[in-house]
Amino acid sequence: MINFDYSKPATVGAAITALSKDTKAKFIAGGTNLVDLMKRGVTTPEKLIDITGLPLKGIEQSGTVVRIGALALNSEVAENDIVKKQLPLLSQALKAGASAQIRNMATVGGNMLQRTRCGYFYDTAMPCNKREPGTGCGALQGYNRMHAILGASDSCIAVHPSDMCVALAALDATVVVQGPGGTRKLPFLDFHRLPGNTPEKDNNLQRGELITGVEVPVNPSLAQHSLYTKIRDRASYAFALVSVAAALDMKGKTIRQARLAMGGVAHKPWRLTIAENFLQGKEATVANFQQAASLALKEAKGYGYNNFKLTLGPNTLVQTLKTLTGV
Amino acid sequence: MDNFFDLNIPFAEIDRVDGKAKVTGKADYVAEHDLPNLTYGVLVGSTIANGTVTAIDTKSAERAPGVLAVITHLNAPKVPGYEEGENPAKGRTGGGGLKIFNDNRIRFNGQPIALVVADTFERATYAASLIKAQYNKEAPHTSLADAIKNDKPIEGDNYKEAVRGEKDAWKTAPVKVEGTYIMPIQVHNPMELHATIARWDGDDKVTVWEKTQGVVSTQQSIANAFKLEQKNVQVYAPYVGGGFGSALRTWPHAIAAVMAAKKLGRPVKLVLTRPQMFMLVGYRPEAIQHISIGATPDGKIVGMRHDAYAVTSNYENFNEGLVAQTKQLYACANLATKYNIYPMNLSTPTWMRGPGEATGSFPLECALDELSYALNLDPIELRKRNYAETDPENGKPYSSKFLREAYDLGAEKFGWKGRKPQPRSMEEDGWLVGYGMSSGMFGAFRGEGRVRLKFSGDGMLTIQSAVSDSGPGTATAMTRIASDAMGLPVNKVNFELGNSAFPPGPTQGGSSTTSTLGTTVSMACDSLKKKLVELLKTQESEIALADVQFAQGEMRLKNGKSISYTDALKAANLPSIELTESSGRNPEMQKYSAYSYSVHFVRVKVHPLTGVVRIDKVVSAGDAGRIISEKTAASQMKGGAVGGIGGALMEEGVIDHRYGRWVNNNFADYHVPVHADVPDVEVVFVNKPDPVLNPNGSKGMGEIALIGFAAAVANAVYHATGKRIRELPITPDKVLL
């Protein structure tokens, strides 16, 4: 880890100004990922701007929207009464992530901004276009068991590791960001990027912008039938091989609408729009689930070690829908 | 050998004597130990697996704040022992075969190319990141599968085909099973990082705090490397935070710390990083094994063949008993085994819990399971039909063998009779349910030990030996034995270890410490009793040792009189009694074969759509002789089961063979079980004494706790799914595809 300066601004404005002034500066909140990256020499900020003093911790409902401050801890959000009642999918996804200790440090904004856990990204002696553009993708023909099957490019086949983001993608959340030019909102699905030829960019934040919160619309019908399923190599404290966030609006045995997203399969949380459209108005049957699942993964492509995800992905979706509907 | 005690009386329960220190943070582990004037060393590893260092830039590191020295092969002080060709610190449990900083050759990825020493750990770590090396790269060789295809294994007596009876008998048997089994690299990864502190006390004396399973072997290794008198190397290892075999050797980083401390004239602390723990302190070598078994329709094994292929480094041959158990576990007249190792661009592996027998038991016990289905026979019944009543290799009787009892005890506790014989016939809540079992065995040993004993006027009995305790509870077991022998309460016995100034104790490996040192402690207590009785003789005439009962701190005589040990000392005007005692192998044992046995039972739930495997019940039954300390013994078996769950379901060291470089050498990517993966492991012991091996009737336990476990899980997964998975770990991808 290199030496770095440290500051702790008291206002959002001051934090944004501090970051805008200094291209070698980074925000730090819980630090559960950034500190690791600094220790490994993957990221070498010369200045850390500690944002944990900013007033961005609140969780509140106004009308049909739950607003969650960017600095709300993962553990707080997961156990928050409003979230548990209105957004059970989000609570479940958060609890599936990391460990209790990490959730108690990690913030909502930090969770969104965590970097991939690709082993080639973390090892500075290995090629990685995300860490060092132009060096190649070590995983493409390497050990890619954890890697993407959707939306990848030859530049990068890394996956976004978050569970929380998969739920937020399914729940049509909006990201609120503030920068030198003011405040703007991005649909959650537009926040993270696909790798393309610029895998070094994980998201569409502009220089100097700070995530201040997320807004999640509430939908009592969807909340009634929500389930986050995470398949991993051990029972806890492991990243998803595949995960599914699903929320269904049911009338009897009929699916009025579905919200589906998949994690562990792409450079961003992957919304399964085609499967959602297919299921709309259909009966909850295993055959329909299977068809939806195969539609959902139609474009998927394996890279060797991760070929199993082509089976595990659809199966996990089917299993989640079966559990949700009891068929 | 006489038995001192009635072996059929079980030992009373005892708490771990160092438990409180460990859980309250009072235990002083090497990495936490502080010394005046201490400096901190950090190793820099190579980024290639094969080739030479052509240039190394240390300038920025040397200029970095707080840096005191940067050592590389270009400026390393000579290690006098390295001059003799063969590394003198090599030995069975001796130093590392790699001569650190001795030349510019890179033999494996992560090989230390520099040591940075600074006034703080953080500054040393930072400076280490500034070191840049240039290499002449050569193609790395790290793939065992490629080596088997393209290369010849190492030749030598250890690698010759061994044949018993007719070599190919299995081929003509009416019922046959065959399979190729793959076990990846597994890494010991004790919680405590390997660490060394070295401090020179003059030109010819050094004091070393070391994470070691062998206090004396560390002392010898360092003495040999630096050409010192053995007594001039003082080793401390008061606490060891797990070893599982990784601390059986004195590795090159320890030599580097001693070297640096000499160069600087200040003590140096060197703590490995977690990634370095994967590369610098050994691992369980990857193994590919082919096994074939032939049997009669009524389940008699008529022939077996077992070929094992494993990796080693290209500077040392590492051998272990992959095929040993195949030769021993079942009565089978015809057998052929061959063990092969290939030199790779990897660091030298080392014994990891269960060692080679755990690796070899995976194909053997899976094949037995497969055979049981082919014969439509219960897997336990099949094993009983091939029960070895005497050693199949040499016909010797066993000193004790209660494997049959272990099968029955374990099966009863587990509820084995609830198993439906057909694969994929049991279900619960949408999960497939499977029952699996396997057995394991490991040699029961007794080596040489020495203790010093002091009984003081205040009633305290102190026993010292230069042994270390990597976790099983050695001090607890020795305390139990001494307390029991002397009729003293546990809190009046103090067993001290981890100090080379104490009489030499054994290296803690091969499940032999309790057998070895327990014998010495028993004998020392017996000597103390004799001395106490001699004190009495000044007051009472004609007292035979056999006529004295030692209980509750007093000698009780036949005539009804009793005198406390402390009063006896006082009456004789003695402040204390001191003695040393040593014990060795039992010559009687030449007539016998001696083994400990385990039987593991596992119930799995397998999700048919996602391939997730959950272990929800484990029973491990052990024949480890008479149990000295029930609680720590059960803990040791439970620890073996936790390790077994890891090996079966998740542990896998991954190397990218294009670079010969690790891709998962950290705890986020190399998975070991978390609590949620481990059910309440139930342990049951036969708890019958071995009448020959040692006076306490104990046998070893550390290895059998793990041996066979992976096969029990694989067998349960087969029973649940009908799918035979022959490659570890059994992750969802392997279950699904």
Side-chain angles (χ1 to χ4, degrees), chain A residues 1-3 33 36 38-41 44 98-99 102 117-127 138-139 141-146 161 229-239 241-242 244 286 289-290 293 302 305-320 322-323, chain B residues 45-49 64-65 109-110 122-123 125-126 128-130 133 273 275 429-430 607-615 645-646 649-652 654-659 661-679 729-737:
Chain A
M1 192 188 285
I2 63 165
N3 272 325
N33 187 211
D36 279 354
M38 290 169 67
K39 282 182 173 174
R40 297 288 298 266
T44 51
S99 64
I102 291 172
R117 297 313 198 277
C118 172
Y120 298 90
F121 175 69
Y122 270 77
D123 185 349
T124 53
M126 290 285 205
Q141 282 155 2
Y143 184 68
N144 49 36
R145 183 168 175 271
M146 297 300 288
T229 305
K230 181 176 181 180
I231 307 304
R232 44 187 152 177
D233 285 327
R234 63 181 167 191
S236 176
Y237 198 34
F239 291 99
L241 298 168
V242 165
V244 168
V286 173
F289 297 158
Q290 282 169 340
Y305 286 98
N306 69 350
N307 287 351
F308 72 96
K309 291 189 182 181
L310 302 175
T311 306
L312 183 61
N315 282 12
T316 306
L317 179 56
V318 170
Q319 178 55 38
T320 306
K322 279 176 67 176
T323 308
Chain B
S46 73
T47 56
I48 67 162
N109 219 318
E122 290 76 10
R123 285 172 147 182
T125 302
Y126 170 62
S129 75
L130 301 176
T273 62
D429 307 327
H607 198 278
L609 272 180
T610 60
V612 170
V613 177
R614 294 270 173 257
I615 294 175
I645 291 170
L649 296 186
M650 57 195 85
E651 290 190 49
E652 179 178 19
V654 181
I655 288 167
D656 185 328
H657 298 307
R658 298 172 301 168
Y659 309 102
R661 190 164 173 85
W662 280 82
V663 289
N664 70 340
N665 53 347
N666 61 77
F667 266 163
D669 296 320
Y670 182 94
H671 290 156
V672 298
V674 296
H675 282 288
D677 295 300
V678 183
I730 304 172
T731 42
D733 44 337
K734 301 201 183 82
V735 179
L736 271 187
L737 297 184

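Reminder, nothing fancy here: chain letters follow the sequence lines and each chain counts from 1. Side chains included, hydrogens not; waters and symmetry mates left out as well; all remaining heavy atoms used.
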Looking only at heavy atoms, what is the nearest atom pair of Arg658(B) and Gly142(A), with distance? NH2-CA, 3.2 Å

What part of Val672(B) gets closer than 4.5 Å to chain A, counting heavy atoms only: side chain, backbone, both or neither? both

Among Pro732(B), Pro608(B), Ser129(B), which residue has the highest count of heavy-atom pairs closer than 4.5 Å to chain A? Pro732(B)

Work out which heavy atom in Leu312(A) is nearest to a heavy atom in Thr610(B); give both atom names and the distance. CD1-O, 3.4 Å

I'd like to know which of Ser99(A), Pro127(A), Gly41(A), Gly119(A) tops the heavy-atom pair count under 4.5 Å against chain B. Pro127(A)

Please report the C-alpha distance between Leu609(B) and Thr316(A) in whole Å, then the side-chain angles of each, then the deciding distance to 0.1 Å, and finally whether the side chain to side chain contact (heavy atoms under 4.5 Å, CB included) criterion is met. CA-CA 7 Å; Leu609(B) 272 180; Thr316(A) 306; over 6 Å; no

Nearest 0.5 Å, what's the CD1-CZ distance between Ile645(B) and Arg234(A)? 13.0 Å

Comparing Val654(B), Asn665(B), Leu649(B) against chain A, the one with the most heavy-atom pairs below 4.5 Å turns out to be Val654(B)

Shortest non-hydrogen contact from Asp677(B) to Ala235(A)? OD1-N, 2.8 Å

Can you check whether His671(B) reaches Arg232(A) side chain to side chain, under 4.5 Å on heavy atoms? no

Less than 4.5 Å to any heavy atom of chain A: does that hold for the side chain of Glu652(B), its backbone, both, or neither? side chain

If one checks every heavy atom of Asp233(A) against chain B at 4.5 Å, the contacting part turns out to be both

With only heavy atoms counted, which part of His657(B) is less than 4.5 Å from chain A, the side chain, the backbone, both or neither? neither

Tyr237(A) to Val674(B) - nearest heavy-atom pair and separation: CB-CG1, 4.3 Å

Determine whether Met126(A) and Val663(B) make a side-chain contact, defined as any pair of heavy atoms from C-beta on separated by less than 4.5 Å. yes

Heavy atoms from other residues, nucleotides or ligands near OH of Tyr126(B) exceed 12 (cutoff 6.0 Å): no

pair Arg145(A)-Thr731(B): side-chain heavy atoms closer than 4.5 Å: yes

Does the side chain of Asp656(B) pick up a donor-acceptor pair with the side chain of Tyr120(A) at under 3.5 Å? yes

